[in-house]
Amino acid sequence: RVTVEYVMLSNINDSTEQAHQLAKVLKDTPSKINLIPFNPYPGSPYTCSSNSRIDRFAKVLMEYGFTTVVRKTRGDDIDAACGQLVGDVVDRTKRMLKKQ
């Protein structure tokens, strides 16, 4: 069984038509699909899909018989989700090296 991680981007890849397309691509592959709300960060051109769009997307996938899980967002208030905090620390380290 394959686990698919699908990041939900508002008006980029979150329409019900795209859910149908994803289901058709995976139709012969036993899969579990994790829908991950995008964690916006300063300067990102993307935003997270609305809860209603994510729910509609998930419903389409479940109608095809896929196990579908919507991930909970954590750490987005401090840019810690998806390793962003680590990236921030690395950036500060690079800046410190340049100052030396």
Side-chain angles (χ1 to χ4, degrees):
R1 189 171 178 173
V2 174
T3 299
V4 175
E5 305 284 331
Y6 192 91
V7 178
M8 302 296 296
L9 303 171
S10 182
N11 297 309
I12 302 290
N13 66 348
D14 61 352
S15 71
T16 55
E17 177 57 34
Q18 288 160 322
H20 287 285
Q21 291 171 352
L22 179 61
K24 289 173 185 170
V25 166
L26 297 173
K27 71 179 179 185
D28 295 324
T29 306
S31 306
K32 171 187 171 187
I33 304 169
N34 290 327
L35 300 179
I36 305 168
F38 178 71
N39 181 42
Y41 56 89
S44 171
Y46 306 108
T47 57
C48 182
S49 302
S50 68
N51 288 336
S52 61
R53 283 182 78 91
I54 293 172
D55 290 342
R56 282 192 296 268
F57 196 96
K59 184 177 178 186
V60 168
L61 295 173
M62 288 186 271
E63 288 171 355
Y64 280 89
F66 290 102
T67 300
T68 306
V69 176
V70 178
R71 290 266 183 94
K72 300 289 181 203
T73 57
R74 294 186 200 133
D76 53 344
D77 58 330
I78 60 168
D79 288 341
C82 300
Q84 290 175 9
L85 188 60
V86 172
D88 192 35
V89 171
V90 170
D91 288 347
R92 274 193 233 131
T93 303
K94 287 179 184 175
R95 277 183 261 152
M96 289 299 287
L97 290 174
K98 288 178 185 177
K99 289 180 182 179
Q100 293 178 353

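The closest side-chain heavy-atom distance from L35 to L61 is below 4.5 Å. Here the side chains of I33 and L26 are in contact, with some heavy-atom distance below 4.5 Å.
Side chain of N13 to backbone of V7: a donor-acceptor contact under 3.5 angstrom is found.
Note that CE of M8 and CG of D14 are 5.0 Å apart. Values are rounded to the nearest 0.5 Å. Atom OG1 in T16 sits 7.5 Å away from atom CZ in R56 (nearest 0.5 Å).
Summarising the local packing, CG of N51 is surrounded by 12 or fewer heavy atoms from other residues, nucleotides or ligands at distances under 6.0 Å.
Among residues at least two apart or in separate chains, ring-ring contact (aromatic ring centres under 6.0 Å, His included) pairs with a member in residues 1-21 are Y6-F57, H20-Y64.
M62 and L22 are assigned to two separate hydrophobic clusters, defined by single-linkage of ILVMFWY side chains at heavy-atom distances under 4.5 Å.
Applying the side-chain contact (heavy atoms from CB on, under 4.5 Å) test to S50 and every residue at least two apart in sequence or in another chain returns S52, R53. In this structure Q21 satisfies the side-chain contact (heavy atoms from CB on, under 4.5 Å) test together with E17, Q18, sequence neighbours excluded. Qualifying side-chain contact (heavy atoms from CB on, under 4.5 Å) partners for I12, counting only residues two or more places apart in sequence or in other chains: L9, Y46. By the side-chain hydrogen bond (donor to acceptor under 3.5 Å, both in side chains) test, T3 is found to be paired with no residue, residues two or more places apart in sequence or in another chain being considered. For V25, there are no side-chain contact (heavy atoms from CB on, under 4.5 Å) partners, not counting sequence neighbours.
The shortest non-hydrogen separation linking C48 to P37 is SG-CB, 3.4 Å.
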